[in-house]
Amino acid sequence: MSYSVEIDRKWQKKWEETGLYKFDPNKKGDKLYCLEMFSYPSGANLHLGHWYNYSLTDSWSRFKRMQGFNVFHPMGFDAFGLPAENYAIKTGIHPQDSTLKNIATMEKQLKEMGATFDWDYELATCMPDYYKWNQWLFIKLFEKGLAYRKNALVNWCPKCQTVLANEQVIDGKCERCDSEIERKNMTQWFFAITKYAQELLDCLPQLDWPEKTKKIQTNWIGRSEGSEVSFFCEKDGEQLKDENGDPLKLTVFTTRADTFMGVTYVVVAPESEICTRLTTEAQKEAVEEYKAFTAKASDIDRMSTTREKTGVFTGSYAIHPLNGKKVPIWASDYVIAGYGTGVVMAVPAHDERDFEFATKFGLDIIRVVASSEGAEDELPYCEKKGVLVNSGEFDGIEMHKAIDAIVNKLATMDMGSKKVNYRLRDWLISRQRYWGTPIPMIHCPSCGIVPVPEKDLPVLLPYDVEFKPDGESPLAKCDSFMNCKCPKCGADAKRDPDTMDTFVDSSWYELRYPDNKNSGEIFNKDLINKMCPVDKYVGGPEHAAMHLLYSRFICKAMRDMGLLNFDEPFKSLVHQGIILGPDGNRMSKSRGNTVAPDEYVSKYGSDVFRTYLAFGFAYTEGGPWSDTGLQAIVKFVNRVERLADDIKDIKDSYDPSSLSKDDKDLNYVLNYTIKAVTYDTDRFQFNTSIARMMELINAISKYQQSGNVNKGFLRHTVETLLILYAPYAPHFTEEQWEKIGNGYSIFNQEWPSFDESALVKDTIEIAVQINGRVSFKVDIPSEADQASVEEIVKSDPRLNDALAGRSIVKFIYVKGRLANIVAK
RNA sequence: GCUCGUGUGGCGGAACAGGCAGACGCAACGGACUUAAAAUCCGUCGGAGUAAAAUCCGUACCGGUUCAAGUCCGGUCACGAGCACCA
C-alpha cells in the first residue's frame, strides 16, 4: 500500500489505542515542556498557519521524545473573545454553541495532523473549570493591590456602540467597521503591570528569545532616565496652595535638566485635573473650549506628528526655582496625561515640539546649550552634546555634567531629584463584552467594591443574554446575573457587568495545562515548579508586546504571591514565519490566494504536507506557497518508500569493522546526515534537515548502482534514514517500519548517534587560492599540517603556471578548508 | 520622524565562528527507457566569453578593513515590521 491518507488514519488509530503519547510525569528522561500558542477557535477549519506552527513543532517534539526526553506537549483553545461574539451578532448563533462546535472540529483536525498532543491535558478558556481560576487570580491580584479600578480614556467605536481593545484599533479605526475611534472616559479595571516594569526589562537578557522580540518589549516598556523638577505656581497674583496649605508644587519630568535655565513656559495636559486647578476665571471659557476641542480630536489626528500644535494659556504662572522668573502655564494636547506627571517644562531652544509651539504662540526662546562655547547653532538645537550658556552659575559646564549639577542644586531646595519613567501603562482589562470571563466583583451601596468569596466561584457567565451592542455591557441587562447580595453585609448589590480581556485568559494558561483537572486550586505548586517553565514556546511574533509581556508579568506576580518559584514562564521562544499565497501576498479570501490544507492533506496525506512545510521555507521566515514544491515532496516520499521496499526482505547482518571502500563512503554520508539532521532539527532548521536526508538518498542510490552492495549495511542505512525522517513523517515512517518487519513503534527507537570516526576521511580535497582566488584543487591527507601542505602545493606542477612569474610572499593554510598563497 | 530587521540565480532557499558563493529542491534544457505518455534514471543549468578551455564579472549600491568579505566597519537605496508629540 503506497502512502496515502488511509495510512494516516491507520496509525492515528493505533497510536490512540496504545496510548503512545500519553504523558507520564514519572517516566524516565528529563522533562521537556514543548508548547505552541493555543489557537482561537474562530473558523471551522485549521488554516495553513496552524499547520505550519503545530505540525513542525510537533516534529520537533517527536525528535526530542526520541532523544529520550520526557516530553509534555499539550493543546487547548483560547476560546473566549470578540470574533465569536461578532459572529453571533451577525448570525444569531450563540457564541458558546459556535465555539464548542469549532473546538470539536479543530480537535478532530489536529488529530488528523498526527500530532503528539496528549488530549488528557486539554483546556478551553471558556469552560467554567478554567475561568473559575481566572476569577480567582483576579481576586488575588486585587488583594495584592495589583488589580485596581480607575477612570480612564478608552477607545470607543460609535458605530459598533462598544469599547474596543487597543489591539482592535488599527490606525485609529475600528477593525470591524472602519469608523474612526473616539475617546471616552470610563471607570475600568487595570492590572498594575507597571510595578514590574524594571524586572520585566532586567530579565530579558537571560531569555533564549529572538532578539527582535526582546527589542520590541524593551521599546514597549520604554525606560527613560531623567529627573523630576518642581515649580511653585501663581494664580491671579497669589501663590497656589495644596490641600495641607503648603505651597503647591507643579512637578514635571524631563530628560534634559541641563536645559532648565532655558525654560520659558510650562505645559499641562488639558484633560488633567491640575489643568482645571490652574485655570483662572478669565481663561476658563477658553480652556473649556479647548478641552472640548481636544476631546473631539480623533486618534487619527492625535497620531499625526505633522499636526499643527494647538493650545491655550491657563492664566497661571510657574515660578522658576533658580532664577525666580514667572513663566506662563499653557494647556496643550501635545502633552500626554498618562506619561510622567502629565506636565512638561518647555525649552523651545532645544526641543522641536516646544520650538514649534513657542513660535506659533510667540513665546520666548532662550538658548542655553551650544555645541561649543559661543557657537550660534541653528535653533532648535537638539543634539545631546555641548556646553551650557546663558545659564548663570552653570555656564561652561558640559551638558551631561550639567544635568547632575542642576538636579543636585534643586535637590538642596527640595525642588528636584533623579527619576526613572516608563512608557509602559497599566493593563486595562475591562471589556464591555459578553463572551469573556465575568469580573468577580460585587458593588455594594454601603461596602463599596467587594470580591466574590472564593467558595462562590466561579461566577458563571449566563447563557441567555442579549449581546447585541448598544453601548452598555451586555451582562448589565441580565437582571438574574446582575442582582446579588453583598457578601459582607448581605444587602442588595450588583455584580460588575464587565468581562475580562481575553489576554488575561492566555496570560497563565501554560501553568494550568500540567494540572488541568485540579478542582481545588489553580494548580499544585510542587507540580508546577517541576513541570514549568515552558522549555520551548512556539508561536507568531505578533504577540511580542501583548501576550508575551502579560504572561511574563503574571508569572512574576504569581511568584510574589508564593504560587510558584520561577521568574519567567517561557525559557526559549521561536516565532514561525508567515506562509504567503502563491502570488507572494498575504493570503486572504478577497485576493483569492488562500491555500486550504484539507484539500492537500486528503489528496497527499498529512506527511507529504508536513514535509513540504518543513522543506519549502526557512521556518522563522515563511514565504510563498508553491504547488510544484509539494510535488517534489511526493517524489521524495516515493523514493524513501522504494528504498524500504528494497530492504524489506534483507535479513543479513553486517560487520561494521570490515567495510569496503564504497561502504565507507556511504557510511560517511550516513554519519554526516545523522549529525546534521540532529543539529538542524534541534534548532528549527527543518529545511536543511530534509535537504541532508535527500543527499543521503542520493548517496544510497549511487551505492546501489555501484553493484557492490553490502546488504546488511544497506538495510542498516535505510533503517537509520527512516528513524531520522520519522519526526517529519510520522505515519509514513511508522508504516515503512512495520513493512520492513520491525516492531511497533518507530517512535520507541532511540535517536541515532553518529560515529565521529566515520566522519574522518583519509584524504580531503582543498582549494588552492592565489591572492584569494581559487586556482586549482589538490588532495591532501586530512591530518596534514601546514608545512606538509605547503610542500604538497609547492610541488604541484600547476602552481608555476598559476603564479605566472610571481613569487610567493606568504603561505596560509586553513585546516581542512583551503590554502591561500600571497604572490607578488 | 525614531527604532529594529531584511536584501544571494528564472523560483523556494543553503553557506560553521571571515575561508571554494549558489547545498538541497523546483522550473528549464538535453539524453536513456517506452509504440507513446506518465513514472523512473543519467547529464547541463548565475552572467559574459570560447569550438572547448583559459579568463573576467557576480551576494541591492558606493567605499573601507583583511592574505581572504554574502559574512566585519562606514555611508546610500529599496522593502518589511514595531513605536509614534513619551518631554
Side-chain angles (χ1 to χ4, degrees), chain A residues 171 210-220 222-224 226-227 252-257 259 266-267 269 302-307 309 332-336 338-347 350-354 356-357 421-425 541-542 544-545 578 582 584 612 615-618 621-636 638-639 642 676 679-680 685 687-698 701-702 705 765-777 801 809-823:
Chain A
D171 289 334
E211 287 306 318
K212 187 169 180 182
T213 306
K214 295 199 221 176
K215 200 91 194 176
I216 289 174
Q217 292 210 348
T218 304
N219 294 341
W220 186 269
R223 182 189 155 100
S224 169
S227 325
V252 308
F253 175 74
T254 178
T255 54
R256 294 295 304 274
T259 62
V266 167
V267 195
R302 280 189 164 238
M303 281 191 327
S304 165
T305 42
T306 55
R307 176 178 174 231
K309 298 269 178 295
S332 171
D333 65 359
Y334 82 88
V335 171
I336 296 162
Y339 183 75
T341 59
V343 189
V344 162
M345 66 178 218
V347 187
H350 304 290
D351 181 282
E352 281 182 25
R353 295 154 302 184
D354 298 344
E356 190 193 331
F357 192 86
N421 254 327
Y422 300 89
R423 186 180 308 215
L424 184 70
R425 306 295 153 79
E542 66 275 13
I578 295 167
Y612 173 61
F615 180 65
F617 314 86
E621 301 295 320
W625 175 265
S626 144
D627 276 355
T628 52
L630 196 78
Q631 281 302 330
I633 302 302
V634 174
K635 242 158 87 176
F636 169 74
N638 288 340
R639 287 185 83 184
R642 280 198 298 276
Y679 182 60
D680 286 350
Q685 287 257 352
N687 53 347
T688 48
S689 293
I690 303 288
R692 296 294 89 82
M693 289 187 251
M694 288 172 168
E695 283 169 353
L696 177 59
I697 290 176
N698 291 340
S701 288
K702 277 223 172 72
Q705 283 162 28
E765 187 191 63
I766 61 158
V768 178
Q769 296 182 332
I770 293 177
N771 292 337
R773 325 185 59 116
V774 179
S775 182
F776 57 92
K777 299 191 176 176
D801 282 355
V809 178
K810 198 174 172 189
F811 185 92
I812 296 154
Y813 174 55
V814 183
K815 189 160 187 267
R817 293 198 176 273
L818 52 69
N820 189 20
I821 293 167
V822 187

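Remember, predicted model here, so these are calculated numbers, not experimental data. Proteins get letters first, then strands, A, B, ... in listed order; numbering begins at 1 in each.
For A/Lys215, the NZ atom is loosely surrounded, since the number of other residues' heavy atoms within 6.0 Å does not exceed 12. No more than 12 heavy-atom neighbours from other residues, nucleotides or ligands sit within 6.0 angstrom of CD on A/Glu352.
The side chain of A/Ile336 lies closest to B/A87 when the candidates are B/A23, B/A87, B/C67. Checking B/C24, B/C42, B/C4 against the side-chain heavy atoms of A/Lys215 singles out B/C4 as nearest. In the set B/A87, B/C41, B/C24, B/C24 carries the atom at the smallest distance from any side-chain atom of A/Glu695. The side chain of A/Lys212 lies closest to B/G80, out of B/C20, B/G13, B/G80. Relative to the side chain of A/Gln685, the nucleotides B/A23, B/A21, B/A15 differ in distance, and B/A15 lies closest. When distances are taken from the side chain of A/Thr688 to each of B/A23, B/C67, B/A87, the shortest belongs to B/A23.
At the heavy-atom level, A/Phe615 lies under 4.0 Å from base atoms of the strands shown. Across all strands shown, A/Glu765 has heavy atoms under 4.0 Å from base atoms, whether or not it also approaches the sugar-phosphate. Using a 4.0 Å heavy-atom cutoff across all strands shown, A/Gly222 reaches no nucleic acid atom at all. Using a 4.0 Å heavy-atom criterion, one finds that A/Asn698 contacts the sugar-phosphate atoms exclusively. Among the atoms of the strands shown, base atoms are found under 4.0 Å from some heavy atom of A/Gln769. Nucleic acid contact for A/Lys777: base, since at least one base atom lies under 4.0 Å from a heavy atom of the residue. Heavy atoms of A/Asn687 sit under 4.0 angstrom from primed sugar atoms or phosphate atoms, though from no base atom. In this structure, A/Lys810 reaches neither bases nor backbone, as no heavy-atom distance under 4.0 Å exists between it and the strands shown. Residue A/Arg223 is out of contact with every strand shown, counting any heavy-atom pair closer than 4.0 Å. Counting non-hydrogen atoms under 4.0 angstrom, A/Gly622 reaches the backbone sugars and phosphates but no base. A/Ser626 comes within contact range of no nucleotide atom at all, as no heavy-atom separation falls under 4.0 Å. Among the atoms of the strands shown, base atoms are found under 4.0 Å from some heavy atom of A/Val344.
Within the 4.0 Å cut-off from OP1 or OP2 of B/C4, not a single side-chain nitrogen or oxygen of A/Lys214 is found. Using a 4.0 Å cut-off, no side-chain N or O of A/Tyr334 falls inside it from OP1 or OP2 of B/A87. Residue A/Arg642 places no side-chain N or O under 4.0 Å from the OP1 or OP2 atom of B/A39.
Using Watson-Crick or G-U wobble geometry with both donor-acceptor distances under 3.5 Å, B/G1 finds its partner in B/C83. With a cut-off of 3.5 Å on both pairing distances, B/U50 has no Watson-Crick or G-U wobble partner at all. B/C61 and B/G75 make up a base pair, with Watson-Crick or G-U wobble contacts both under 3.5 Å. In a base pair of the Watson-Crick type (N1 to N3 plus N6-O4 or O6-N4) or a G-U wobble (N1-O2 and O6-N3), with each distance short of 3.5 Å, B/A27 is matched with no nucleotide. When both pairing distances are held under 3.5 Å, B/A38 makes no Watson-Crick or G-U pair with any nucleotide shown. Under the Watson-Crick or G-U wobble criterion, with both distances below 3.5 Å, B/G9 is left unpaired in every strand shown.
The distance from atom CH2 of A/Trp220 to atom P of B/G82 is 11 Å, rounded to the nearest whole Å. Computed from coordinates, the A/Glu211 CD to B/U6 P distance equals 12 Å when rounded to whole Å. Spacing between atom CG of A/Asn638 and atom P of B/G25 amounts to 15 Å, rounded to whole angstrom units. For the pair A/Met693 CE and B/G25 C1', the computed distance is 14 Å after rounding to whole Å.
Between A/Arg423 and A/Gly623, the one whose closest nucleotide on RNA chain B sits nearer the 5' end is A/Gly623. Heavy-atom distances to RNA chain B give each of A/Gly616 and A/Arg425 a nearest nucleotide, and the one nearer the 5′ end belongs to A/Gly616.
Residue-to-nucleotide contacts include no donor-acceptor pair under 3.5 Å from the side chain of A/Arg773 to the base of B/A68.
Qualifying ring pair (Phe, Tyr, Trp, His ring centres under 6.0 Å) partners for A/Tyr334, counting only residues two or more places apart in sequence or in other chains: A/Phe357.
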